[in-house]
Q: 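Attaching a single structure in structure tokens format; questions to follow.
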Amino acid sequence: MNGAPRLLPAGERALVVELGDEISPQVNARVLALAAALEAEAIPGVLELIPTYRSLLIHLDPLRVSPEALEERVARLAQGLHELRPPEPTVTVVPVCYGGRFGPDLSFVCQHTGLRPDEVVRLHTGGTYRIYMLGFTPGFPYLGGMDERIATPRLDAPRLRIPAGSVGIAGAQTGIYPIDSPGGWRIIGRTPLRLYDPLRDPPFLLAAGNYVRFRAISPADFDRIAGEVEAGTYPVETATHAGG
Amino acid sequence: MSVGFKVLSPGPLTTVQDRGRFGYQAYGMPVAGSVDPYAPRLANLLVGNDEDAAVLEMTLRGPELEAAAPGVVAVTGADLGATLNGQPLPAWQAVAVSPGDRIAFGWARSGCRAYLAVAGGIDVPAVMGSRSTYLRGRIGGMEGRALRAGDTLRVGPAAPEAGRCVGLRIPEGWIPRYDAPITLRVVFGPQADHFTRAGLETFLNGRYTVSKDADRMGCRLEGPKIEHARGADIISDGIPPGAVQVPGHGRPIVMLADRPTTGGYPKIATVASVDLHRIAQARPGDRVCFTAVSRAEAVELLRAQEAAFRDLAARLGDPARPPTGRHPVRPEGPDPADSRR
């Protein structure tokens, strides 16, 4: 779908702008471009923007900006989106210790896919994953682009507690749990990075529209990096993403 | 900043909340904050605080507190039978407390959440700009958790006029009747088109009751199933406050303060802001129904409410211009006698 955006009311204090009806990098890029354009407009009464896969939720104060007036401005901005250049995306390298006590479901993934553990790791670390959005819990990245060969269905019954930093697979998706939470993903490894730290500035390591790569590390490296993260001295590896 | 209270017993779920943690929803951080936006606002007004001041939110039964310093408090929201040194503590009113005074609460007689504001505000460290407790994320408020026996609550410096607040009362017409059946005014969307005509009619004509699984994240309702037109999954998108989600089982959930920022269930409608406080006070077994309003009507309701608040704030405590008797948008929602049922 490449037509005009759909503008949908969400009560009187929020507005949904749908820019497509599929999960694709193109639609997602349009959502993020619209969000950037709205931020730049700095319209009084526009309070907060939540970009998701294919839509933007705009929180507004209708006593400062009328929803109808905002809809008109959004429609005009959306027309000019193809001309907007989104900011240069970055790639963050996430070190992961796969298997062992950090990856209790790695063997299940192997069973399900017929691959050896080192093959699963190679396929998981081989991709460059687009961050479509953050949601579900603070800092949780919805990543796209995982190799289909390692897709594995979720647990039938979720675990009550998945430790923070756990890296998992659910169906064709992969993601990282920033905080302890219940969940049904197949856990194949853990990162010592803190995707979310409320006392850090900035609190969130990742943002929509950027990219993630995974790098396999040893248990000894895990402990070393965890210590540096704790001390605030670990230099998170981020580079410009070539190819947009 | 001084110690304002010692917590002798915490009650089943008492947390420090302000209006919520804003600015980080794009990163998946829920807003949290007081589930009821109305009652704590009035409590803060009574004790001379800014609207951002942190309060205690208590659920179904309250804590037992001992005042450690002189202060001014106000209790609003659900009627928990508050007492001060064993005597009834009048609610919706600013009351002076002295060191050693004991404030206690019983079980809610109507409504579900009560709020205690203290002049100066509850003083806990702000995390990411807010003193609200986000329990699942274990941040904010009292160390990211509910109150425990033995906690001490610090209080910020009171506004200079706080002492003159003692005795101020919220006019009777502003005090909601939490035992009345709940009718929520809603604006259809964003996914109203994901439901059949029959489903929309069920939603508007159905009588729902609050499930015992209601919590700070959402008020789950039991009642007639709402029919989907095209399955119960959507591509995950943003969830505004008051969104009415309808998962596959067909029963609506009104999303509240601790709702996740995004979700994959269709949202049939969104509760008008002025009615959020009613669903925030709903207890298991309470009756709930929905009535449709246009977005423009919802904006006008909000406009009238804000004008009324400004008027109330200006007149409270001015004997020459006492506040007008009633909240213009009927804090308990539309008159139950008016509803089309």
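We use all heavy atoms of the structure for the numbers below, so side chains are in, but hydrogens, waters and symmetry mates are not. Numbers restart at 1 for each chain; the letters A, B, ... are given by sequence-line order, proteins then strands. Please read all numbers here as calculations on a predicted model, not as lab measurements.
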Q: Could you measure the distance from the CG atom of A:Leu70 to the CG atom of A:Asp61? Nearest 0.5 Å is fine.
A: 11.5 Å
Q: Hydrogens and angles aside, do A:Glu48 and B:Gln25 bring a side-chain donor and acceptor to less than 3.5 Å of each other?
A: yes
Q: Considering only heavy atoms and a distance below 4.5 Å, find which of B:Pro240, B:Gly137, B:Gly189 pairs most often with chain A.
A: B:Pro240
Q: Hey, does the side chain of B:Asp36 reach the backbone of B:Ala39 with a donor-acceptor pair shorter than 3.5 angstrom?
A: yes
Q: Measure distances from B:Leu276 to the heavy atoms of chain A and classify the residue's part below 4.5 Å as side chain, backbone, both or neither.
A: side chain
Q: Pair B:Tyr38, B:Trp174 - check side-chain contact (heavy atoms from CB on, under 4.5 Å), show working.
A: CA-CA 10 Å; B:Tyr38 179 84; B:Trp174 283 72; 3.3 Å; yes
Q: Taking every non-hydrogen pair under 4.5 Å, which of B:Val299, B:Thr261, B:Leu301 racks up the most with chain A?
A: B:Val299
Q: Can you see whether B:Gln191 engages B:Lys267 through a side-chain donor-acceptor pair at a distance of less than 3.5 angstrom?
A: yes
Q: Is B:Asn44 reaching over with its side chain to a backbone N or O of B:Arg41, donor-acceptor style, under 3.5 angstrom?
A: no
Q: Under a 4.5 Å heavy-atom cut-off, does chain A meet the side chain of B:Glu297, its backbone, both or neither?
A: neither
Q: Side chain, backbone, both or neither: which part of B:Ile239 has a heavy atom under 4.5 Å from chain A?
A: backbone
Q: Which atom names give the shortest non-hydrogen contact between B:Thr15 and B:Ala146, and what distance separates them?
A: CG2-CA, 3.9 Å
Q: Checking A:Thr174 against A:His124: is there a side-chain donor and acceptor pair closer than 3.5 Å?
A: yes
Q: Let's test your reading of the structure: which of B:Val186, B:Thr262, B:Ile234 forms the most heavy-atom pairs below 4.5 Å with chain A?
A: B:Thr262
Q: Side chain from CB out, backbone as N, CA, C, O: work out which of these in A:Leu134 comes under 4.5 Å of a heavy atom of chain B, or both, or neither.
A: both
Q: May I ask you to name which of B:Gly23, B:Ala296, B:Gly140, B:Pro125 has the most heavy-atom pairs under 4.5 Å with chain A?
A: B:Gly23
Q: Of all the heavy-atom pairs spanning A:Thr191 and A:Val167, show the shortest one and how long it is.
A: N-CG2, 4.3 Å
Q: Using a 4.5 angstrom heavy-atom cutoff, name the option from A:Thr137, A:Leu49, A:Ile179 with the most pairs to chain B.
A: A:Thr137
Q: Is chain A contacted by the side chain of B:Tyr134, its backbone, both, or neither, given a heavy-atom distance below 4.5 Å?
A: side chain
Q: Relative to chain A, which of B:Pro241, B:Gly238, B:Pro260, B:Pro190 shows the most heavy atom pairs under 4.5 Å?
A: B:Pro190
Q: Relative to chain A, which segment of B:Ile139 carries a heavy atom at a distance below 4.5 Å: side chain, backbone, both, or neither?
A: side chain
Q: Heavy-atom distances under 4.5 Å only: say whether A:Tyr53 touches chain B with side chain, backbone, both or neither.
A: both
Q: Give a yes or no on whether the ring-centroid distance for B:Phe195 and B:Phe203 is below 6.0 angstrom.
A: no
Q: Relative to chain B, which of A:Ala14, A:Ala208, A:Pro62, A:Pro51 shows the most heavy atom pairs under 4.5 Å?
A: A:Pro62
Q: Checking A:Leu56 against chain B: side chain, backbone, both or neither under 4.5 Å from a heavy atom?
A: neither
Q: Give, as side chain, backbone, both or neither, the part of B:Val127 having an atom under 4.5 angstrom from any heavy atom of chain A.
A: side chain
Q: Please classify the contact between A:Ala10 and chain B as side chain, backbone, both or neither, with a heavy-atom cut-off of under 4.5 Å.
A: both
Q: Is it the backbone or the side chain of A:Tyr132 that comes under 4.5 Å from a heavy atom of chain B, or both, or neither?
A: neither
Q: What are the two closest non-hydrogen atoms of B:His277 and B:Pro176, and how far apart are they?
A: CE1-CG, 3.8 Å
Q: For each of A:Ala35, A:Pro9, A:Gly135, A:Ser181, tally heavy-atom pairs with chain B at distances under 4.5 Å, and name the one with the top tally.
A: A:Pro9
Q: Looking just at side-chain N and O atoms, do A:Arg54 and A:Asn28 make a donor-acceptor pair shorter than 3.5 Å?
A: no
Q: Under a 4.5 Å heavy-atom cutoff, which of A:Pro198, A:Pro141, A:Ser66, A:Pro178 has the most pairs with chain B?
A: A:Pro198
Q: Between B:Gly242, B:Ala243, B:Ser236, which has the largest tally of heavy atom pairs under 4.5 Å with chain A?
A: B:Ser236
Q: Can you establish whether the number of heavy atoms outside B:Tyr265 located under 6.0 Å from its atom OH is more than 12?
A: no
Q: Below 4.5 Å from any heavy atom of chain B, which atoms of A:Pro203 appear? Answer side chain, backbone, both or neither.
A: side chain
